[in-house]
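Beneath this line is the structure, given in structure tokens, with notes to follow.
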Amino acid sequence: MRARAYVAGVITQHTRTTLPSWLTALWVCLSACTLTPGHTPVTLYDAPAGHRLDPLQYELSLATYNVQGLRNPRGVAHTIQALPWIDVWVFQEVNAPAQKPPRRVAMRPSQPPDALRHALPPGEWHALFVPMNPAAGGRAWEGMAIASRMPVQETEIWTLRATSAKRRAALCAKLALPNGRSIWVVNTDHEVGVFSITPDDRQQQVDDLLEKLQSPAFAKHPLALLGDFNTTGRPLRLCGASAADEVGALRESLARAGMDPLPGGDPPNTFRAFPVTYPLDHIFTRGLLAVRWGATHSYSGSDHRPLWVTARIVNHGSPAGAAAP
């Protein structure tokens with residue numbers, strides 16, 4: 001499903017949202033149950049010593065964040081603005097107020113809700129939002145969003161098969177980089193269900209992504225795939241696949257399309273619902289070399305924490321994990 005005529009709305013954030021010091025302290029105390037302790041803000045991964053990075057190559061930072069319906073917009077804003085270097089954000093579970101009782105609607109790019117736009121750091125942002133499913137008892141639309149400091153050249157929506165009644169899709173944006181090149185950014189959110197949804201069900205969405213990712217139309221530019229893959233495994237089956245098993249299968253599947261996971265071994269746990277944690281959110285790249293990445297240690301506003309990567313574009317045709325000449 002293509003939406004090439006859509007031009008992402010431009011948002012200019014002039015100032016940060018500020019609160020009186022006493023109110024900020026109170027809010028932090030009340031939000032403590034959603035904060036992860038720790039003084040180190042990020043975990044870094046540096047390029048291995050044999051990689052030569054051309055200093056003229058363009059470097060950009062991308063992040064994925066499931067905002068849990070924007071139930072706590074102040075906490076979401078606090079978390080986002082703690083990562084001011086991010087150039088491209090992809091968001092899942094974004095709730096936008098419904099103008100009338102939600103019914104099944106065509107998935108078309110539109111403006112993000114005010115709560116998300118106001119959460120972005122200062123500067124100019126090009127943003128788009130796609131409503132997909134009724135939420136909040138019919139008072140809102142739940143969907144996905146992309147916000148980029150670079151202009152949006154094209155957009156696409158890839159419909160993904162789903163077992164449950166909730167619709168699934170990937171929101172894609174082709175971004176214009178300052179060095180004259182372009183990059184595709186794909187935002188995806190896969191289904192989850194403790195009793196009824198299994199890794200086999202989620203594999204439908206992975207297979208649909210693979211079909212698109214292997215298309216020649218998307219082989220011409222670097223590509224980043226980010227989102228909430230809900231890789232829980234089968235948590236209630238003692239002999240079922242673990243989260244690590246599902247992550248391994250996901251990586252193996254996407255490798256067929258030349259997509260590389262973040263380097264450094266096992267992915268971090270990005271979801272927490274006491275007392276369990278899972279590595280649900282992932283970033284895969286093609287035509288990019290990850291030089292730093294991390295997951296925030298201190299966050300609020302959602303049961304997920306942002307996962308981000310800073311990457312450099314390698315020459316077209318070069319392996320994603322090799323340095324450009």
Side-chain angles (χ1 to χ4, degrees), residues 28-43 45 63-72 75-76 78-80 82-83 90-95 133 135-136 142 144 162-164 166 168 187-206 225-254 261-262 264-284 293-309:
V28 169
C29 291
L30 294 176
S31 302
C33 61
T34 63
L35 293 174
T36 298
H39 299 290
T40 306
V42 294
T43 301
Y45 175 86
T64 178
Y65 186 20
N66 182 318
V67 296
Q68 198 183 13
L70 288 170
R71 299 177 186 178
N72 181 353
V76 167
H78 173 80
T79 300
I80 292 174
L83 302 173
V90 305
F91 301 104
Q92 305 85 38
E93 291 190 22
V94 179
N95 282 12
N133 299 289
E142 179 266 332
M144 311 168 72
T163 300
S164 64
K166 189 174 181 179
R168 298 289 172 175
N187 179 10
T188 193
D189 184 10
H190 296 182
E191 61 186 336
V192 66
V194 175
F195 299 101
S196 58
I197 303 299
T198 71
D200 294 334
D201 298 296
R202 284 186 288 274
Q203 186 63 39
Q204 297 177 108
Q205 287 112 59
V206 176
L225 170 65
L226 311 87
D228 181 0
F229 290 80
N230 276 314
T231 44
T232 62
R234 289 182 170 89
L236 297 185
R237 298 187 183 182
L238 296 179
C239 298
S242 66
D245 293 333
E246 187 173 359
V247 170
L250 173 66
R251 290 180 168 185
E252 182 178 344
S253 293
L254 291 176
L262 294 176
D266 295 334
N269 290 325
T270 54
F271 168 84
R272 184 182 68 169
F274 184 81
V276 298
T277 59
Y278 284 107
L280 301 188
D281 304 276
H282 302 275
I283 298 176
F284 295 86
W293 67 268
T296 54
H297 282 206
S298 296
Y299 64 101
S300 61
S302 174
D303 50 7
H304 289 247
R305 57 176 173 160
L307 179 67
W308 61 269
V309 64

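What you see is a predicted model, and the numbers here were worked out from it, not measured in a lab. All heavy atoms count here, side chains included; hydrogens, waters and symmetry mates do not.
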Original post:
Would you call Pro267 and Trp293 a side-chain contact if the rule is heavy atoms closer than 4.5 Å?
Top reply: no

Original post:
Does a sphere of radius 6.0 Å around CG in Asp200 hold more than 12 heavy atoms from other residues, nucleotides or ligands, not counting ones at 6.0 Å or beyond?
Top reply: yes

Original post:
More than 12 non-hydrogen atoms from neighbouring residues, nucleotides or ligands closer than 6.0 Å to CZ on Arg251, yes or no?
Top reply: yes

**OP:** Could you tell me whether the side chain of Leu70 reaches within less than 4.5 Å of the side chain of Val94, counting heavy atoms only?
**Re:** yes

Original post:
When you measure from the side chain of Thr79 to the backbone N and O of Tyr299, does any donor-acceptor pair fall under 3.5 Å?
Top reply: no

Original post:
Do Val192 and Leu280 have side chains that get closer than 4.5 Å, going by heavy atoms?
Top reply: no

Original post:
If we only count heavy atoms from C-beta on, is the Asp266 to Pro279 side-chain gap below 4.5 Å?
Top reply: no

Original post:
His190 and side chain to side chain contact (heavy atoms under 4.5 Å, CB included): which partner among Asp228, Val206, Asp201, Ile197?
Top reply: Val206

**OP:** For a side chain to side chain contact (heavy atoms under 4.5 Å, CB included) with Arg202, tell me which candidate from Thr231, Thr232, Thr163 qualifies.
**Re:** Thr232

Original post:
Does Arg168 offer a backbone N or O that forms a donor-acceptor pair with the side chain of Gln205 under 3.5 Å?
Top reply: no

Original post:
Has the side chain of Arg305 got a donor or acceptor atom that lies under 3.5 Å from a matching backbone atom of Asn269?
Top reply: yes

Original post:
Hey, does Phe284 have a side-chain heavy atom less than 4.5 Å from the side chain of Leu250?
Top reply: yes

**OP:** Can you spot which of Thr64, Asn230, Asp189 makes a side-chain hydrogen bond (donor to acceptor under 3.5 Å, both in side chains) with Gln92?
**Re:** Thr64

Subject >> Close side-chain approach of Gln203 to Ser253, heavy-atom, < 4.5 Å >> reply: yes

